[in-house]
Number of protein chains: 2
Amino acid sequence: MVSEPNGPRPTLEAVAARAGVSRATVSRVVNGGAGVRAVVQERVRQAVRELGYVPNSAARTLVTRRTGAVAVVIAEPETRVFTDPFFGRQLRGISRALAAADTQLLLMFVEHRTDYDRIGRYLSAGHVDGALMFSLHRDDPLPAMAERAGLPTVYGGRPGWAGADRAPRAAPLLYVDTDNRDGARQAVRHLLDRGRRRIAVITGPLDQTSALDRLDGYREALGAAEPDPRLIADGGFTAQGGERAMARLLDAAPDLDAVFACSDLMANGALRTLRARGHRVPDDVAVVGYDDLEPAAWADPPLTTVRQDVEEMGRLMAGLLLRLLDPRRAGGAEGAEAAGAVELAPVITEARLVVREST
Amino acid sequence: MVSEPNGPRPTLEAVAARAGVSRATVSRVVNGGAGVRAVVQERVRQAVRELGYVPNSAARTLVTRRTGAVAVVIAEPETRVFTDPFFGRQLRGISRALAAADTQLLLMFVEHRTDYDRIGRYLSAGHVDGALMFSLHRDDPLPAMAERAGLPTVYGGRPGWAGADRAPRAAPLLYVDTDNRDGARQAVRHLLDRGRRRIAVITGPLDQTSALDRLDGYREALGAAEPDPRLIADGGFTAQGGERAMARLLDAAPDLDAVFACSDLMANGALRTLRARGHRVPDDVAVVGYDDLEPAAWADPPLTTVRQDVEEMGRLMAGLLLRLLDPRRAGGAEGAEAAGAVELAPVITEARLVVREST
């Protein structure tokens, strides 16, 4: 086999020329040879061998329409993905489930709004069989892109983008989430049980449903339609954001005796501010986090937090997508519909309070 | 346009049937219509509009052979990629350079040896224009796969895999590295200048050239052909590995007065062991790390370390690959060769000692 390292790849056209047949014939042979005479097939295969032609997806996809790959799009900049352990853990679950199904994972980030067009182009260009998308924001264009491209997609987190509740819809939106509202209720009830009465909340960005649902759970547990606005601050789901939000809360409500931070990273940031200002945890201020990932155990004191099984959520997302793709593989829309009726539905996993030294 | 959200995508076959032409004709029209009569072209375009067919890469790639995407393959499990800040930082540089060239980044990990085949299939199937590969190990099959597929590839780190030094080669291997040997020499000379005489080294896995080159630099600075083997331990480039290696070194050579850890993560692990065993840093044992990423600044005491500009290395890798791809875009192999002769060569960046409190 002749190979030209780092040189131009032999083209389908070159194979066609060498074999003296049309491009379409080469394409047919590369994809199994149906409808091509045996003698012509052999001539094409000979040319393929002589040129070291690697049959590419272009030809194969035309026939099978399968690439064996799934895009995982995280609608966050790479910096956030690499500093928040939530993403790595979710990816671990996804990566293992996809590998078990011999499906290639392609990870993409969204650094700037200008990236969306390019991602949309790649996703609709037939290079992937489906997509997993998470950390979407309210004005995210990705779901509409996936829908336009007819790309089978499963979402991480309850859909909250503009148009997500539009009906009728040909197929239900598929997603995996935890019961964020219930998790938040457990956190706040635990603080009430501990005798705390001025309970603040540090929220995530309120253009994400996970942040909204946790804030709703906080409100419900307090039983107040409109809790004291001085007790609510946005920490943007980052440690630095949590640090700054805690400072704003202490300034606005110096009598607060507890804080529910809607992620462990933000809780760690809050702990730093409390320490810097000389507040003892939990004696002066009790702190609850959310996620139960590494930062919860590393924290000083170790964090009471709401556990969500992030790796399992990743596994479930990948599982839903693989089931969505599978009936097609098995052949045809009928199978897909039958399977869809039985098992293709959103999955909500359970949230569970883990009590440690910070409360 | 009729769109079927999450339903099956309209196929090329469906368009062909609706327009009453062959698949090859549809493909030709979708790709510009060369050689197809105007009236037939219009019939096909009409069918495309009616069915909401999204022309996919299959058809387009056959003609343009460009996807606008580049694979970034890190030959490490996802868990390592997400716990070692080196990778996130390198990716930041890559991601910014690719985005500036409107090129889509597809990130892939290697979890198990069984993943290689699947990655090789995706890379050679025409879904990407080129690849960046890093953290390769000696027996890594990825470079051979890229070479067989004729995929333009730039490597992170000096090639050290079996066959990398094979000549003649149609094109030189392109890579970006720091001067690891010189960085290690600077670290050890600094310890000698501080009056240390029993200097141990914690190496990375010796099937990677970065680990080998740093060990060589250590040897050279000591001026000993064969340094005391009790002063050398492999820490596998992880914090836990550094922790355990430091313990082995202290057991084997209790009189050591300094340690050069070949990554900041391993240096942090070593600090934990030294603290646990009651050794003061730097009074009893001086410690130097390598990388100058976050763990160096977080360390207690802050680490003297060898700075390599990891983000810049990522940027340089992406830049080399884009230049490698560009002449083809501009048209033809002649341009590629001319450009190659002038500027397409490996890049070695400088390493520089940063002195802090640990020495």
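In what follows, every chain begins at residue 1, and chains take the letters A, B, ... in the order their sequences are listed. Any value given below was found using the heavy atoms of this structure, including those in side chains, with hydrogens, waters and symmetry copies removed.
Note on ring orientation: taking the six-membered ring where Trp is involved, the planes of A:Trp161 and A:Tyr155 are tilted (angle from 30° to 60°). Ring pair B:Tyr122/B:His127 is parallel by interplanar angle, where below 30° counts as parallel and above 60° as perpendicular.
Residue contact with chain A, scored on non-hydrogen atoms closer than 4.5 Å, involves the backbone and the side chain of B:Gln104 alike. With a threshold of 4.5 angstrom between heavy atoms, B:Ala99 approaches chain A through its backbone and through its side chain.
Salt bridge absent: A:Glu78 and B:Arg96 never bring a charged side-chain N and a carboxylate O closer than 4.0 Å.
Each of A:Asp117, A:Val72, A:Leu105, A:Thr114 has some count of heavy-atom pairs under 4.5 Å with chain B, and the biggest count is that of A:Leu105. Contact count against chain B (heavy-atom pairs under 4.5 Å) is highest for A:Gly88 among A:Ala24, A:Ala71, A:Gly88.
Residues forming a side chain to side chain donor-acceptor pair (under 3.5 Å) with A:Tyr175 (at least two apart in sequence, or on another chain): none.
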